[in-house]
Amino acid sequence: MANDASTVFDLVILGGGSGGYAAALRGAQLGLDVALIEKGKVGGTCLHNGCIPTKALLHAGEIADQARESAQFGVKATFEGIDIEAVHKYKDDVISGLYKGLQGLIASRKVTYIEGEGRLSSPTSVDVNGQRVQGRHVLLATGSVPKSLPGLDIDGDRIISSDHALKLNRVPQSAIILGGGVIGVEFASAWKSFGTDVTIIEGLKHLVPVEDENSSKLLERAFRKRGIKFNLGTFFEKAEYTQDGVRVTLADGKTFEAEVLLVAIGRGPVSQGLGYEEAGVAMDRGYVLVDEYMRTNVPTISAVGDLVPTLQLAHVGFAEGILVAERLAGLNTVPIDYDGVPRVTYCHPEVASVGITEAKAKEIYGADKVVALKYNLAGNGRSKILKTAGEIKLVQVKDGAVVGVHMVGDRMGEQVGEAQLIYNWEALPAEVAQLIHAHPTQNEALGEAHLALAGKPLHSHD
């Protein structure tokens, strides 16, 4: 292991999650001598405790729902229940395969991988395993952990975080989920499919509150239909143990009881006690502050991923890590347009978006300069076959580009790739309308929405 004091790396990376390993792989590809330090498993939250395992649980839930509902498609099947140990094996096998592949990638790129808990010891060094790893540049990528609230102690049994929920050895009879954002609604969806009686508590006025309000309302309607309960607009007050579960009290005095309480109010940065302040790194509420090129106020230190106050998405971490590696290698780099990043919530139905909301567009351009169009999936043949409901909503600057695409419906996450191109290439509705979309696909709904916005609707009313 080339990590003695005589070795000076071009780049030392503290944290092997999405942002850290992307910077390591791209940096090594560009000829940089890279050291990657990780205390746990390379791949970080996304691979081991986030994106991948949650989507595996959601897919298992989808299979359960399909078994229950097979008769409506003329297929005779019976649903006999959830074997949670087998579900975990399926999930863990997916993770294991991806983990082995990632380890192989890092080895093949000749990245020096150091397993251990690192700490920034100077603007150009990290201490790990009793040794000092020197670098011309240091990248901080220590990620995030589930957050809680003052006085709300997560015990891992009755009051749990998403980390515990991913390894829970039973399907709870009932669950309260504190938080109606991405994490909360994804677990609500999966648990409901497994047979849990679910109630979401969200202090703001809508589920997935950062999405366009129309998307939130469509999801709420779908969740009501599925029997997922939710209480909106009142904040959490306290939680206490009952004889066999948890009781949650809200600020208005309303109470809810369930077997478990999942605290899903977001994730906070991992930065405490790691030497960042001592090295002079500017911070705010635990986040490391950076400019548009991911540079901190210390010239030799950059930071990426959940550690910085940008979108907490694995693909954002990838992009930020690549940006840092390319900048250090002397390439011309372009700052990330975070509005142009695709966002997907993988509940049933899925919520996907790119660009800005209608409300934000009106704030920026003026209400009289914004056009919004909704295309109902009822007019889409493939969606009809799949028996999914929802809408595609387009937000356009009048006589100009489409600045927001907001979609609700099963598999809408698979359509966000084209939506990303439409937004980022500043496409006009007429330009997208000229493209021929395959029939019957759900992707066709995106084309039909643009046909309608361009003034020549096909399978929709004027």
Side-chain angles (χ1 to χ4, degrees), residues 1-38 42-44 46-47 101-115 118 120-128 132-143 274 276 279-282 288-311 313-338 340-341 420 424:
M1 186 185 297
N3 67 327
D4 57 85
S6 63
T7 302
V8 179
F9 293 94
D10 294 315
L11 177 60
V12 175
I13 303 169
L14 182 55
S18 302
Y21 83 68
L25 293 174
R26 183 60 175 140
Q29 187 180 48
L30 292 169
L32 300 180
D33 192 8
V34 180
L36 179 62
I37 300 166
E38 169 57 48
V42 70
C46 174
L47 178 54
L102 182 54
Q103 288 175 303
L105 261 178
I106 287 169
S108 71
R109 297 276 174 91
K110 306 217 168 12
V111 171
T112 299
Y113 183 70
I114 304 169
E115 190 173 322
L120 188 67
S121 49
S122 81
T124 56
S125 65
V126 174
D127 288 356
V128 57
R132 179 153 293 178
V133 185
Q134 298 279 356
R136 295 179 181 85
H137 201 90
V138 176
L139 175 61
L140 308 177
T142 43
L274 294 176
Y276 297 171
V281 176
V288 171
L289 300 179
V290 293
D291 67 7
E292 67 270 31
Y293 293 99
M294 315 315 297
R295 297 177 295 204
T296 71
N297 61 310
V298 179
T300 55
I301 300 176
S302 297
V304 298
D306 288 1
L307 181 61
V308 302
T310 56
L311 292 171
L313 298 168
H315 44 289
V316 168
F318 295 150
E320 290 173 345
I322 291 167
L323 188 156
V324 170
E326 293 184 347
R327 173 169 56 78
L328 295 177
L331 275 60
N332 289 326
T333 54
V334 177
I336 295 166
D337 174 4
Y338 290 97
V341 171
Q420 177 186 205
N424 285 290

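Everything numeric here is computed off the predicted structure, so don't read it as measured data.
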Handout entry: Residue pair P309 / L289: nearest heavy atoms and the distance that separates them
Key = CG-CD2, 4.3 Å

Exercise for the section: Mind checking the OG-CG spacing from S18 to L313? Nearest 0.5 Å is all I need. Expected result: 10.0 Å

Handout entry: Minimum-distance pair of heavy atoms, taken over all atoms of L36 and G15
Key = CD1-O, 3.5 Å

Handout entry: side chain to side chain donor-acceptor pair (under 3.5 Å) between T296 and Y276, intermediate numbers included
Key = CA-CA 11 Å; T296 71; Y276 297 171; over 6 Å; no

Problem - D10 (side chain) donor-acceptor with D33 (main chain) under 3.5 angstrom - result: yes

Fill in the blank from the handout: Heavy-atom closest pair (V111 atom, A24 atom, distance to 0.1 Å) is CG2-O, 3.7 Å

Problem - I106 side chain reached by E38 side chain, heavy atoms, under 4.5 Å - result: no

Practice task
Taking all heavy atoms of A279 and all of I301, pick out the closest pair and write down the distance.
Solution key: CB-CD1, 4.5 Å

Fill in the blank from the handout: CG (L307) and CE (M294) are apart, to the nearest 0.5 Å, by 9.5 Å

Handout entry: Stepwise side-chain contact (heavy atoms from CB on, under 4.5 Å) test for V290 and E320
Key = CA-CA 11 Å; V290 293; E320 290 173 345; over 6 Å; no

Practice task
List the atom of G16, the atom of Y21, and the distance in Å for their closest heavy-atom pair.
Solution key: O-CD2, 3.7 Å

Practice task
To the nearest 0.5 Å, tell me how far L32 CG sits from R26 CZ.
Solution key: 9.5 Å

Problem - Flag, side chain of N424 to backbone of G340, donor-acceptor distance under 3.5 Å - result: yes

Practice task
Measure from the side-chain N and O atoms of S125 to the backbone N and O of R132, and report whether any donor-acceptor pair falls under 3.5 Å.
Solution key: no

Fill in the blank from the handout: Heavy-atom closest pair (G27 atom, V34 atom, distance to 0.1 Å) is C-CG2, 4.1 Å

Handout entry: Side chains of L120 and L274 in contact at under 4.5 Å (non-hydrogen atoms)
Key = no

Practice task
Keeping the roles fixed (side chain from N297, backbone from G280), state whether a donor-acceptor pair exists under 3.5 Å.
Solution key: yes

Exercise for the section: Decide side-chain contact (heavy atoms from CB on, under 4.5 Å) for Q134 and T124; before the verdict, give the C-alpha distance in whole Å, the side-chain angles of both, and the deciding distance to 0.1 Å. Expected result: CA-CA 6 Å; Q134 298 279 356; T124 56; 4.0 Å; yes

Problem - Any side-chain heavy-atom pair of T300 and V138 under 4.5 Å - result: no

Handout entry: Heavy-atom check, side chain of L139 versus side chain of V304, under 4.5 Å
Key = yes

Fill in the blank from the handout: CG (L30) and CZ (R327) are apart, to the nearest 0.5 Å, by 13.0 Å

Handout entry: Spacing of OG1 belonging to T142 relative to CD1 belonging to I13, to within rounding of 0.5 Å
Key = 12.5 Å

Completion exercise
One should read off an interatomic distance between T333 OG1 and E292 CD, to the nearest 0.5 angstrom, of 9.0 Å

